[in-house]
*Asks:* 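Have a look at this one.
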Amino acid sequence: MQNTMEHISPLFVFLFWFGLFIVFYTYIGYGILLYALVRIKELFGKKAALVLPEPLPDVTLFIAAYNEEDIIGKKMENCRSLSYPAGKLHIVWVTDGSDDHTNEKLAEYKDATVLFSPERRGKTAALNRGMQYVSTPYVVFTDANTMLNADAIKEIVRCFSDPEVGCVAGEKRVDTQSAQGATAGEGLYWKYESALKDLDDRLYSAVGAAGELFAIRSRLFEQMPPDTLLDDFILSLRIAARGYKIAYCKKAYATETASLNMKEEEKRKIRIAAGGLQSVWRLKSLFNIFRYGTLSFQYVSHRVLRWTLTPLMLFLLLPVNLVLALWGSPFYIGTLILQLLFYAAAYAGYRLERRNLRNKLLFVPYYFIFMNLNVIRGFFYLNRNKGNGAWSKAKRGPSTL
């Protein structure tokens, strides 16, 4: 076997470098490029400061909940602590399918409107039904198990003073103080995600919103197919496709605990990945860069690659690199060793997590592999659960909030 590059198959060389570029660009390169583009843009001026409108408009705080009896008291306490006039903040719970004591507990709160249907058809169906009863100009969506900061509603309303904004995405924060093992990786992931969302917003528009906290102009709501898995993402991107921007508001944030354990985190990641694949198909019009310009670039770079090509390229890199290393090239032998070390660190992180031991240095590669592996699993989940919008909730760890 000769140590010359001329004997290496061009196909394997192409696959290696293409895969390496896609993985690097998706998780690091896009962030670097985005940062550079934002800095260039802001050399020519920044966004004007937004002013809180007076008088403050009426807002609906919309909570879709299923069997949340354990959190009702804490959530309502949080709703009442928000620094927004009580007469202008309308709290609406949609509790479709709940068969525990959720409705009985909510009946104790006279400032909450409860919309209940005994049939459970999933969160998206609950949103479609509940929005028919919303009459305020703005609606803020949040989850029952997330707690909002006191000024969240005011800061969201402030963002809507820009007429180009049709949706406001709040920041998601993960309380990892009680996290077990590698679920701490969820917190690290969301910190990086938050930084990217902020840069996306500063360049043009955030790319989607998280259901823990986001808001829309009520008139822009569109009924969605009831089997939609990522209602927040689909709804927000549909609004962006109509020419509005999605503002990212760091001053409005929702805090929730990390997943109870990695088994519960796996359940959540698979559902999100399946929803992402579903969204890529349903939002395929956004691929038209000639129509959507910067939004298309951001959408593909930040979202589509993560849910489609990148996981495939990541796991293909190892066998392709192995084939190239067999030709005796020192460079490819070196990259193979680096890959094997990374996977070894991920496996060590997995073994430690199984023993409820924590080592952040090893949990980062473990969580990275875990996250991408569940995208593959999400494909099979989507095929098995077509037409079903009612999914099993992932359990969260004990709250320290």
*Asks:* When you check the side-chain N and O atoms of Thr228 and Arg282, is any donor under 3.5 Å from an acceptor?
*Replies:* yes
*Asks:* Taking the six-membered ring for Trp, are Tyr366 and Tyr347 ring centroids under 6.0 Å apart?
*Replies:*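 No.
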*Asks:* Using a 6.0 Å cut-off, check whether atom OH of Tyr133 has over 12 heavy atoms from anything other than its own residue.
*Replies:*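 Result for OH/Tyr133: open.
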*Asks:* From Ile63 CD1 over to Met76 CE, what is the distance, rounded to the nearest 0.5 angstrom?
*Replies:*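 Answer rounded to 0.5 Å: 7.0 Å.
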*Asks:* Kindly indicate, with the supporting measurements, whether the criterion salt bridge (Lys or Arg N to Asp or Glu O under 4.0 Å) is fulfilled by Lys74 and Glu69.
*Replies:* CA-CA 10 Å; Lys74 180 171 284 190; Glu69 61 179 3; over 6 Å; no
*Asks:* Could you tell me whether a side-chain N or O of Thr146 sits under 3.5 Å from a main-chain N or O of Glu256, the two making a donor and an acceptor?
*Replies:* no
*Asks:* Between atom OH of Tyr84 and atom CG of Asp151, what is the distance when rounded to the nearest 0.5 Å?
*Replies:* 12.0 Å
*Asks:* Taking Thr136 for its side chain and Thr60 for its backbone only, find out whether a donor-acceptor pair lies under 3.5 Å.
*Replies:* yes
*Asks:* Going by the rule side-chain contact (heavy atoms from CB on, under 4.5 Å), which residues pair with Glu77 if we only count those two or more places apart in sequence or in a different chain?
*Replies:*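 Per chain and number, Glu77 pairs via side-chain contact (heavy atoms from CB on, under 4.5 Å) with no residue.
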*Asks:* Regarding Glu68 and His101, is there a side-chain donor-to-acceptor distance under 3.5 Å anywhere?
*Replies:*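 On atom types as modelled, these side chains do not qualify, holding no pair under 3.5 Å.
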*Asks:* If you count heavy atoms of other groups shown closer than 6.0 angstrom to NZ of Lys250, is the number above 12?
*Replies:* no
*Asks:* Answer whether the closest heavy-atom distance between the side chains of Leu317 and Phe315 falls below 4.5 Å.
*Replies:* no
*Asks:* Flag the pair Asp143 and Lys123 as a salt bridge only when some basic side-chain nitrogen lies within less than 4.0 angstrom of an acidic carboxylate oxygen.
*Replies:*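 A salt bridge is present here (some side-chain N lies under 4.0 Å from a carboxylate O).
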*Asks:* Is a side-chain N or O of Asp58 found less than 3.5 angstrom from the main chain of Pro137, in a donor-acceptor match?
*Replies:* no
*Asks:* Would you compute the distance between atom CG of Leu314 and atom CZ of Phe342 and round it to the nearest 0.5 angstrom?
*Replies:* 7.5 Å
*Asks:* Report the distance from atom CD1 of Ile22 to atom CG of Leu316, rounding to the nearest 0.5 Å.
*Replies:* 12.0 Å
*Asks:* Applying side chain to side chain contact (heavy atoms under 4.5 Å, CB included), run through Met147 and Tyr253 and close with a yes or a no.
*Replies:* CA-CA 8 Å; Met147 303 300 146; Tyr253 56 87; over 6 Å; no
*Asks:* Does any non-hydrogen side-chain atom of Leu235 lie less than 4.5 Å from one of Phe141?
*Replies:* yes
*Asks:* Distance from Glu171 atom CD to Tyr248 atom OH, nearest 0.5 Å?
*Replies:*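 Interatomic distance, Glu171 CD to Tyr248 OH, rounded to 0.5 Å: 3.5 Å.
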*Asks:* Please check if atom CZ in Arg80 has more than 12 non-hydrogen atoms from other residues, nucleotides or ligands closer than 6.0 Å.
*Replies:* yes
*Asks:* If the test is salt bridge (charged side-chain N to carboxylate O under 4.0 Å, His left out), which one of Lys47, Lys245, Lys41 qualifies with Asp201?
*Replies:*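 By the salt bridge (charged side-chain N to carboxylate O under 4.0 Å, His left out) criterion, Asp201 pairs with just one of Lys47, Lys245, Lys41: Lys47.
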*Asks:* Is any NZ, NE, NH1 or NH2 atom of the basic residue among Glu266 and Arg271 found under 4.0 Å from an Asp or Glu carboxylate oxygen of the other?
*Replies:*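 No salt bridge links Glu266 with Arg271.
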*Asks:* Answer with yes or no whether the side chains of Arg377 and Tyr381 bring together a donor and an acceptor at under 3.5 Å.
*Replies:*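 Per modelled atom types, Tyr381 and Arg377 side chains form no pair under 3.5 Å.
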*Asks:* Is the Phe363 to Phe370 ring centre distance short of 6.0 Å?
*Replies:* no
*Asks:* With side chain to side chain contact (heavy atoms under 4.5 Å, CB included) as the criterion, how do Tyr244 and Cys167 come out once you've worked through the C-alpha distance, each side chain's angles and the decisive distance to 0.1 Å?
*Replies:* CA-CA 8 Å; Tyr244 292 91; Cys167 174; over 6 Å; no
*Asks:* Would the Trp307 and Tyr299 ring centres measure less than 6.0 Å apart?
*Replies:* no
*Asks:* In terms of side-chain heavy atoms, does Thr26 have a donor or acceptor partner in Thr310 at a distance below 3.5 Å?
*Replies:* yes
*Asks:* Is the count of non-hydrogen atoms from other residues, nucleotides or ligands lying under 6.0 Å from Arg355 atom CZ greater than 12?
*Replies:*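 It does not: Arg355 CZ has 12 such atoms or fewer within range.
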*Asks:* So, for Ala247 and Cys159, which heavy atoms are closest and what is the spacing to 0.1 Å?
*Replies:* CB-CB, 4.4 Å
*Asks:* So which of Val140, Val92, Val139 actually passes side-chain contact (heavy atoms from CB on, under 4.5 Å) with Leu61?
*Replies:* Val140
*Asks:* For residues Ala325 and Ile333, report the shortest heavy-atom separation together with the two atoms involved.
*Replies:* O-CG1, 3.8 Å
*Asks:* Report the relative orientation of the aromatic rings in Phe160 and Tyr138; use parallel for angles under 30°, tilted for 30 to 60°, perpendicular for over 60°.
*Replies:* parallel
*Asks:* Rounded at 0.5 Å granularity, tell me how far CD in Gln223 sits from CG in Leu127.
*Replies:* 9.5 Å
*Asks:* For Tyr66 and Thr95, does a side-chain donor sit closer than 3.5 Å to a side-chain acceptor?
*Replies:*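 No, Thr95 and Tyr66 have no side-chain donor paired with an acceptor closer than 3.5 Å.
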*Asks:* How about CZ on Phe380, more than 12 heavy atoms from neighbouring residues, nucleotides or ligands closer than 6.0 Å, or not?
*Replies:* no
